[in-house]
Amino acid sequence: MIRYTRTLILASALSVAALAAQATTVYDTLGQGDAYKLKQTWILGSAGIGANYSPFAQFSPSQSGYLLSAVAPIAYTQGDLAPIRFELRSDASGRPGAVIASTLVNISAQGGLVSGSFVGDVLLSDQQRYWFGLATTSPNTQLGWYHNPVGAVGLQAFSGALWQAPGDWFVQTAETGAFQLDARIVSDVPEPSTTALMGLGVLLLAFRSASLLRRKGQPGAGGASGLRLPPLTPAAGPRA
């Protein structure tokens, strides 16, 4: 009985947690079927000339949640096939600010969609602006970040040009790079399905308890002619 009860409670708790916390897309400028605009890219890195471009796009998530993963379409141009970094930065008066989260992403000579997962509880608020962008890990890599195909226009920034000082950003209003962000949405109020699941768990516990009591109360069950419960007495009050 104790083992059954613990198992049921654990299963119910896990189910409730799964319903209360779910992954969903909070920003997406990819087209239908994860499409992107071919032959139009923002330069990433710049092999052989000394520059190292890092392009970023400003965005605001549609819902608040904890960042889980990102997807972006990449074109390979030349140089090392070293991993790149997906970076999430704060907004500093309309420019990319401090790095909030980053993850390494592998690339290939074929290019196309690449994805990366983020660890840690990085909260995105739907009331704030952020910057998502890409950076190379090798000075001998040159890639491109494909433009979005859905007509999204906003602040697009880059750093790393030969004429820029370290930490300087050039910001313009333009067609932004395509990307998608997924986050773990945490619900404060249980959904109807969650409430129904909890109620079902309580009913199952009650049914199981009643069934065990009936079995113990039958003659010949464990040598007893019936199950006798002690009389109920009023509680003496809270104990320390």
Side-chain angles (χ1 to χ4, degrees), residues 24-31 36-37 40-46 49-75 83-105 114-139 141-186 188:
T24 190
T25 298
V26 295
Y27 192 83
D28 188 7
T29 55
L30 291 170
Y36 43 90
K37 186 173 288 186
Q40 288 185 276
T41 66
W42 293 105
I43 190 170
L44 170 61
S46 190
I49 67 171
N52 192 2
Y53 290 92
S54 292
F56 277 75
Q58 189 189 68
F59 75 96
S60 184
S62 59
Q63 299 183 62
S64 297
Y66 293 98
L67 180 63
L68 290 176
S69 61
V71 177
I74 302 299
I84 62 173
R85 288 196 312 273
F86 281 176
E87 290 188 355
L88 177 73
R89 289 175 176 257
S90 62
D91 181 77
S93 301
R95 295 174 178 271
V99 176
I100 300 174
S102 67
T103 187
L104 290 177
V105 179
V114 294
S115 61
S117 299
F118 294 86
V119 296
D121 292 332
V122 179
L123 179 63
L124 298 177
S125 173
D126 60 355
Q127 300 178 356
Q128 294 186 20
R129 293 190 177 98
Y130 302 90
W131 292 83
F132 172 78
L134 318 173
T136 59
T137 59
S138 169
T141 298
Q142 183 169 326
L143 309 169
W145 179 13
Y146 285 110
H147 289 202
N148 77 85
V150 297
V153 174
L155 293 185
Q156 182 77 27
F158 67 82
S159 65
L162 293 177
W163 48 267
Q164 288 179 292
D168 187 22
W169 294 92
F170 177 82
V171 181
Q172 60 185 331
T173 299
E175 194 172 68
T176 59
F179 64 102
Q180 176 183 301
L181 299 177
D182 285 349
R184 186 177 76 251
I185 307 301
V186 180
D188 294 328

For side chain to side chain contact (heavy atoms under 4.5 Å, CB included), just list the numbers for T173 and L155, CA-CA rounded to whole Å, side-chain angles, deciding distance to a tenth of an Å, and then say yes or no.
CA-CA 5 Å; T173 299; L155 293 185; 3.6 Å; yes
Minimum heavy-atom distance [X]-[Y], with the two atoms named:
{"X": "A92", "Y": "G97", "result": "CB-CA, 3.9 Å"}
{"X": "P149", "Y": "G31", "result": "CG-N, 3.5 Å"}
{"X": "A157", "Y": "W169", "result": "CB-CE3, 4.0 Å"}
{"X": "T176", "Y": "G154", "result": "CG2-N, 3.7 Å"}
{"X": "F132", "Y": "A70", "result": "CE1-CB, 3.8 Å"}
{"X": "A178", "Y": "P73", "result": "O-CD, 3.1 Å"}

Hey, could you give me each pair passing salt bridge (charged side-chain N to carboxylate O under 4.0 Å, His left out) that has a residue in [range]? Not counting sequence neighbours.
{"range": "residues 162-179", "value": "K37-E175"}
{"range": "residues 141-155", "value": "none"}
{"range": "residues 50-61", "value": "none"}

Quick one: side-chain hydrogen bond (donor to acceptor under 3.5 Å, both in side chains) partners of R89, sequence neighbours excluded?
E87
Residues forming a side-chain hydrogen bond (donor to acceptor under 3.5 Å, both in side chains) with S115, sequence neighbours excluded:
none
Contact between [X] and [Y] at the side-chain level, heavy atoms closer than 4.5 Å - yes or no?
{"X": "D121", "Y": "R184", "result": "yes"}
{"X": "L44", "Y": "P55", "result": "yes"}
{"X": "I74", "Y": "L134", "result": "yes"}
{"X": "V114", "Y": "F86", "result": "yes"}
{"X": "I185", "Y": "V26", "result": "yes"}

Could you grab the distance from atom CZ of F56 to atom CH2 of W145, nearest 0.5 Å is fine?
8.0 Å
From L124 atom CG to L181 atom CG, the distance as rounded to the nearest 0.5 Å:
7.0 Å
According to side chain to side chain donor-acceptor pair (under 3.5 Å), does anything in residues 154-166 pair up with another residue at least two apart or in another chain? List the pairs.
none
Quick test of your reading: applying side chain to side chain donor-acceptor pair (under 3.5 Å), list the pairs with at least one residue in residues 52-65, sequence neighbours left out, ordered by first then second residue.
N52-T136, Q58-D91, S64-D126
With sequence neighbours excluded, residues passing ring pair (Phe, Tyr, Trp, His ring centres under 6.0 Å) with [X]:
{"X": "Y66", "answer": "none"}
{"X": "F59", "answer": "Y27, Y130, F179"}
{"X": "W131", "answer": "none"}

Not counting sequence neighbours, which residues clear side-chain contact (heavy atoms from CB on, under 4.5 Å) with T25? List them please.
D28, Q180, D182
Can you name the side-chain contact (heavy atoms from CB on, under 4.5 Å) partners of V122, sequence neighbours left out?
L67, L88, I100, A101
Tell me, yes or no, whether the heavy-atom count around Q172 atom CD, taken from other residues, nucleotides or ligands under 6.0 Å, exceeds 12.
yes
